[in-house]
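Note sheet for the following structure.
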Amino acid sequence: MTGDRVRGLVDTNIVILRRSIPAASLPLEIAISAITLAELSAGVHLARGDDGVARSERAARVALLQQVESEFSPIQFDARAARMFGRMCAAVASIGRTPRRRATDLMIAATAAVEGLPLFTANPTDFAGLEDLVEVVPVPRP
């Protein structure tokens with residue numbers, strides 16, 4: 001599947017699921033966006049409750065965030081990505097979808113686009129309307 005894709009940017013869902021995704025479905029060199037770190041950090045704080053299940057979930061999310069922070073040097077969301085994000089918002093709106101609900105997905109896609117990287121995701125429908133702006137590579141969910 002990825003024979004010609006040595007490097008690719010992965011969506012946050014791939015970061016979360018990657019230990020259970022076959023390596024052949026992913027690029028040889030995985031890059032992430034700083035937006036992914038933001039989503040993972042938010043996930044830690046959004047794990048609600050104080051029972052054993054909630055504490056365990058929060059601990060697992062913290063461990064994943066720490067692992068990702070130590071393993072990757074994220075690609076920053078810069079001015080070029082900000083401009084591409086605007087174009088992507090317009091593209092999504094033109095097919096009748098609401099860009100605001102997809103802001104972090106669009107920021108990740110914008111990062112991939114300006115870096116010239118394919119975007120690997122387990123949720124390709126989240127990126128409908130962006131076909132002319134970024135290559136989206138669907139990854140089967142484990």
Side-chain angles (χ1 to χ4, degrees), residues 1-93 95-131 133-142:
M1 171 190 267
T2 61
D4 61 337
R5 294 184 186 100
V6 173
R7 187 165 189 247
L9 190 131
V10 297
D11 192 7
T12 305
N13 58 59
I14 298 297
V15 171
I16 293 167
L17 298 170
R18 104 181 132 115
R19 298 290 180 227
S20 56
I21 295 172
S25 297
L26 298 174
L28 294 175
E29 185 182 334
I30 293 174
I32 67 165
S33 169
I35 304 304
T36 289
L37 287 182
E39 286 190 305
L40 293 174
S41 181
V44 168
H45 297 285
L46 294 174
R48 302 273 184 222
D50 198 33
D51 61 359
V53 172
R55 285 192 302 272
S56 178
E57 177 63 24
R58 196 167 18 264
R61 291 179 184 194
V62 167
L64 176 63
L65 174 60
Q66 290 173 336
Q67 176 189 352
V68 170
E69 286 174 332
S70 70
E71 190 175 346
F72 295 98
S73 294
I75 299 170
Q76 299 303 307
F77 186 81
D78 61 13
R80 294 176 312 134
R83 287 188 294 277
M84 179 58 75
F85 170 76
R87 289 181 61 195
M88 289 183 167
C89 285
V92 166
I95 63 165
R97 299 183 82 188
T98 307
R100 181 171 281 190
R101 298 183 74 214
R102 293 168 180 79
T104 56
D105 289 333
L106 296 176
M107 288 178 176
I108 290 170
T111 303
V114 299
E115 294 295 324
L117 297 172
L119 173 62
F120 289 73
T121 182
N123 298 329
T125 58
D126 289 350
F127 302 96
L130 303 182
E131 297 80 6
L133 299 172
V134 66
E135 178 186 3
V136 176
V137 180
V139 175
R141 280 190 172 271

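Any value given below was found using the heavy atoms of this structure, including those in side chains, with hydrogens, waters and symmetry copies removed. Predicted model, so just to flag it, every value in this text is computed and none were measured.
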Seminar exercise, completed: Rounded to the nearest 0.5 Å, the CD1 atom of Ile35 sits from the CE atom of Met107 at a distance of 5.5 Å
Problem set entry | Glu131 side-chain N/O to Gly129 backbone N/O, donor-acceptor pair under 3.5 Å | yes
For this session: Identify, with sequence neighbours excluded, every residue that meets side-chain hydrogen bond (donor to acceptor under 3.5 Å, both in side chains) alongside Glu57.
Result: Arg61
Problem set entry | 4.5 Å side-chain heavy-atom contact, Thr36 and Pro74 | no
For this session: Kindly give the heavy-atom pair with the smallest separation between Leu9 and Ile32, and that separation in Å.
Result: CD1-C, 4.0 Å
For this session: Output all residues satisfying side-chain hydrogen bond (donor to acceptor under 3.5 Å, both in side chains) with Arg58, sequence neighbours left out; order by chain, then residue number.
Result: none
For this session: List the atom of Ala113, the atom of Met84, and the distance in Å for their closest heavy-atom pair.
Result: CB-CG, 3.9 Å
Seminar exercise, completed: Contacts satisfying salt bridge (charged side-chain N to carboxylate O under 4.0 Å, His left out) that involve residues 96-105 (not counting sequence neighbours) are none
N/O donor to acceptor pairs below 3.5 angstrom from side-chain atoms of residues 38-54, sequence neighbours left out:
unit_1: Glu39; atom_1: OE1; unit_2: Thr12; atom_2: OG1; d: 2.3
unit_1: Glu39; atom_1: OE2; unit_2: Thr104; atom_2: OG1; d: 2.8
unit_1: Asp51; atom_1: OD1; unit_2: Ala54; atom_2: N; d: 2.8

Below 3.5 Å, can you tabulate the donor-acceptor pairs from side chains in residues 117-124 to any protein atom, sequence neighbours excluded?
unit_1: Thr121; atom_1: OG1; unit_2: Asp11; atom_2: OD2; d: 2.8
unit_1: Thr121; atom_1: OG1; unit_2: Asn13; atom_2: ND2; d: 3.2
unit_1: Thr121; atom_1: OG1; unit_2: Asn123; atom_2: N; d: 2.9
unit_1: Asn123; atom_1: OD1; unit_2: Arg141; atom_2: NH2; d: 2.9

For this session: Apply side-chain contact (heavy atoms from CB on, under 4.5 Å) to Ser70 and list each qualifying residue two or more places apart in sequence or on a separate chain.
Result: none
Problem set entry | Considering all heavy atoms, the nearest Ala109-Val134 contact | O-CG2, 3.9 Å
Exercise. For the residue pair Leu133 and Ala91, what are the closest heavy atoms and their distance?
Worked result: CD1-CB, 4.1 Å
Problem set entry | Closest approach of Gly8 to Pro27 (non-hydrogen atoms, all atoms of both residues) | N-CB, 3.5 Å
Exercise. What residues, two or more places apart in sequence or in another chain, satisfy salt bridge (charged side-chain N to carboxylate O under 4.0 Å, His left out) together with Glu135?
Worked result: Arg5
For this session: Kindly give the heavy-atom pair with the smallest separation between Leu106 and Cys89, and that separation in Å.
Result: CD1-SG, 3.9 Å
Exercise. Do Ile30 and Val15 touch side chain to side chain, with heavy atoms closer than 4.5 Å?
Worked result: no
Seminar exercise, completed: Test side chain to side chain contact (heavy atoms under 4.5 Å, CB included), reference Pro142, set Ser25, Ser20, Pro22, output is Ser20
Problem set entry | Leu64 CG to Ile16 CD1 distance, which is reported to the nearest 0.5 Å | 6.5 Å
Problem set entry | With Arg19 via salt bridge (charged side-chain N to carboxylate O under 4.0 Å, His left out) - residues at least two apart | Glu71
Problem set entry | Pairing residues for Glu29 by the side-chain hydrogen bond (donor to acceptor under 3.5 Å, both in side chains) criterion, not counting sequence neighbours | Arg7
For this session: Sequence neighbours left out, what pairs pass salt bridge (charged side-chain N to carboxylate O under 4.0 Å, His left out) with at least one residue falling in residues 83-93?
Result: none
